[in-house]
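The next block holds one structure in the form of structure tokens; read it before the comments.
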Amino acid sequence: MTTTPLRPRSEVRDLGLAAQGRQRIEWAGREMPVLRQIRERFATEKPLAGIRLVACCHVTTETAHLALALQAGGADALLIASNPLSTQDDVAASLVADHGIPVFALKGEDNDTYHRHVQIALDHRPNIIIDDGSDVTATLVQERSDQLSEIIGTTEETTTGIVRLRAMFRDGVLSFPAINVNDADTKHFFDNRYGTGQSTLDGIIRATNLLLAGKTLVIAGYGWCGKGVALRGRGMGANVIVTEIDPVRAIEAVMDGFRVMPMADAAAEGDLFVTVTGNKHVIRPEHFAAMKDGAIVCNSGHFDIEIDLKSLGEQATEVRDVRPFTQEYRLRSGKSVVVLGEGRLVNLAAAEGHPSAVMDMSFANQALACEYLVKNKGQLAPGLHSIPEAIDKDIARLKLASMGVQVDSLTSGQIEYMNSWTSGT
Ligand code: ADE
């Protein structure tokens, strides 16, 4: 007998999109073998039984597989969007209609709706929060002190969220453990670098149909995400300029073969600008003023604060939609600046986010981080915790096995050598 899951209270665009979402989720699953194995184990072991869980993530086909793994593990999971523009409405519909998972997420939701959904998530009285940018965790510590005793811990997906969690800990408000998923090797080496690298260009190209070959691409920030965008931009034939505030990263960029200069100089040279710094107002009025007519600016950092759009709006005499996710600001000087995805994450606003193959590892970390929190309930000190190395390496081994790649192992003599200090020159 087949049963249809009950439809939970949810806010999604259109449940009629569920069939399309189901098909796209199935397709993504082909590239997510590690998470699939975790889901299968979770289905028999139920490590999350009895756990109320909130996931604040970009609602994509990949997140659907995470949600299904959590559900298989026994969690009472509720999903909200981590960004107003990143939701895939068909995926949200399928999770509700096909799997009975409550979802509060609509592509294009306004900020009030976004914050209302954060409150709904907290009304679920979570024991575990999976956060992407730390909005739910920050709201919890500011507004729901009565719920703190129910929290086992949180897990954080992004660099931006980790920066916020460190600040919360410094200010003495992080009274529970937070697992730093972002810094797992199997997360940031692949998701931040190759995921952001590819999906950012994908978003730019889908929005504009721009030929990158021969264009000057200015990348603000040379962290793992910036490195990925620079690498892939060069691969597409762009002349890449990097701007940085960190001297070591600037040397890395120079030795990786990129020009490095301040934004004040790069502004006049760039055809296309991508911000990936995690900081605010990286592109400001003086930069807009110096840009070429028709320069394109976009952001692939977590929040929509990197480009000072308010000032750009103030300088503009007209703003018009020229293509989906593409707006042209006509400035008083007569020049125009083109903004993609309203300055929000261009890879999720105008494309589909990181490809499934990297999210497989990122979300394997998330699922296993939740299991780790439950197993170690009450034993982890408040503050940030790394993903245990054993989990990171297990994910890498599973991924390699799924790719059919084998690696060497140490001989006993090599193990002995690595553990000794007596034999030198
Ligand atoms: N962050 C970046 N890409 C993503 C994706 N495809 N799914 C969920 N979160 C993401």
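Ligands are counted one by one from 1 in listed order, and the atoms in each one are counted from 1 as well. Because only heavy atoms are used, hydrogens play no part in the values below, and waters and symmetry mates are left out as well, while side chains stay in.
- Heavy-atom contacts of Thr63 reach the following atoms of ligand 1: 7 (N), 8 (C) (cutoff under 4.0 Å).
- With no hydrogens or angles considered, no side-chain donor-acceptor pair links Glu150 and Asn127 at under 3.5 Å.
- Near Gly353, with a cut-off below 4.0 Å to any heavy atom, the atoms of ligand 1 are 3 (N), 6 (N).
- In this structure, Glu269 does not pair ionically with Lys292, as no charged nitrogen and carboxylate oxygen lie closer than 4.0 Å.
- Atom CE of Met236 is surrounded by 12 or fewer heavy atoms from other residues, nucleotides or ligands within 6.0 Å.
- Set against the non-hydrogen atoms of Glu352, the atoms of ligand 1 under 4.0 Å away are 6 (N).
- Distance check, rounded to the nearest 0.5 Å: OG1 of Thr87 to CD of Glu109 gives 5.5 Å.
- Relative ring orientation between Phe189 and Trp224 is described as perpendicular, the plane-to-plane angle rising above 60° on a 0-90° scale split at 30° and 60°.
- Residue-level proximity to ligand 1 for His354 is carried by backbone and side chain together, each with a heavy atom below 4.0 angstrom.
- At a 3.5 angstrom cut-off on N or O pairs, Asn347 does not count as close to ligand 1.
- In this structure a side-chain-to-backbone donor-acceptor pair under 3.5 Å is present from His188 to Asn182.
- Protein heavy atom closest to atom 5 (C) of ligand 1, with residue, atom name and distance, is Thr60 OG1, 3.6 Å.
- In this structure, atom 1 (N) of ligand 1 lies nearest to the protein heavy atom His58 CD2, 3.5 Å.
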